[in-house]
Amino acid sequence: LRWLWQMLHLRWRHFTESLDRWQRERLPQLRTKSPKVSDESSIWDRPIDPDTLSPLEQVRYYYLSLLRSAEKAGHARAKSETPIRYAPRLSSAIDSTSGADQPVSDSKTQEAAELTQNDKKIINDEIDLLTKNFVNTRYAGKKADAQTLTQLRQAWKSLQNRLHKL
């Protein structure tokens, strides 16, 4: 039992010494490499290539940049609003301002009416895809595969284009 205690004590001491050494050597380097951001909005104004991010970061980037674009378009998420609760509200805001739910006039064909309903479904599906993957990544720690990341990127680009037109 004494031998076990001595081994534990020795290992603990090695661990704390290593931690102290890491803090002295590595933390100052990390502090100097991190960008100094004086304005919270400036982080979003810098161009970021999502392909350089990890899969978890890509999912978060797509969703959070969508929120930023929606905020700029006048459809900000309330601080108390969860992503799941915000999704239908954002979807209806994009639908109503993009003309997807405007009534069909006599000059428009039935095909055009079906197209707008299809657009509405696409908007809902894209927002749901981004939201669900963000929630899974953020709160469940699930990783997205390459196919999902491709779908997320396409949905994000489509929604960004719609939001920039508002």
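- Pairing each heavy atom of Trp156 with each of Leu66, the nearest pair is NE1-N, 4.2 Å.
- Ser80 pairs by the side-chain hydrogen bond (donor to acceptor under 3.5 Å, both in side chains) definition with nothing, not counting sequence neighbours.
- For Glu126, the side-chain hydrogen bond (donor to acceptor under 3.5 Å, both in side chains) test picks out Ser158, with sequence neighbours left out.
- Judged as a side-chain hydrogen bond (donor to acceptor under 3.5 Å, both in side chains), the pairs with a partner in residues 127-147 (not counting sequence neighbours) are, in order, Asp145-Thr148.
- Contact detail for Tyr63 and Leu130: the closest heavy-atom pair is CD1-O, 4.0 Å.
- Qualifying salt bridge (charged side-chain N to carboxylate O under 4.0 Å, His left out) partners for Asp51, counting only residues two or more places apart in sequence or in other chains: Arg153.
- What you find for Tyr62 and Leu152 is that their closest heavy atoms are CD1-CB, 3.9 Å.
- Evaluation of the salt bridge (charged side-chain N to carboxylate O under 4.0 Å, His left out) rule for Arg89 yields Glu81 as partners, not counting sequence neighbours.
- In this structure the side chain of Ile94 reaches within 4.5 angstrom of the side chain of Ile127, judged on heavy atoms.
- Looking at every heavy atom in both residues, Pro55 comes nearest to Ala144 through CB-O, 3.9 Å.
- Residues Gln58 and Leu53 share a closest heavy-atom pair of NE2-O, 3.0 Å.
- Residues satisfying the side chain to side chain contact (heavy atoms under 4.5 Å, CB included) test with Gln154, not counting sequence neighbours, are Thr150.
- Counting all heavy atoms, side chain and backbone alike, Glu71 lies closest to Ala76 at CG-CB, 3.8 Å.
- A tilted orientation is assigned to the rings of Trp12 and Phe15, their planes being inclined by 30° to 60°.
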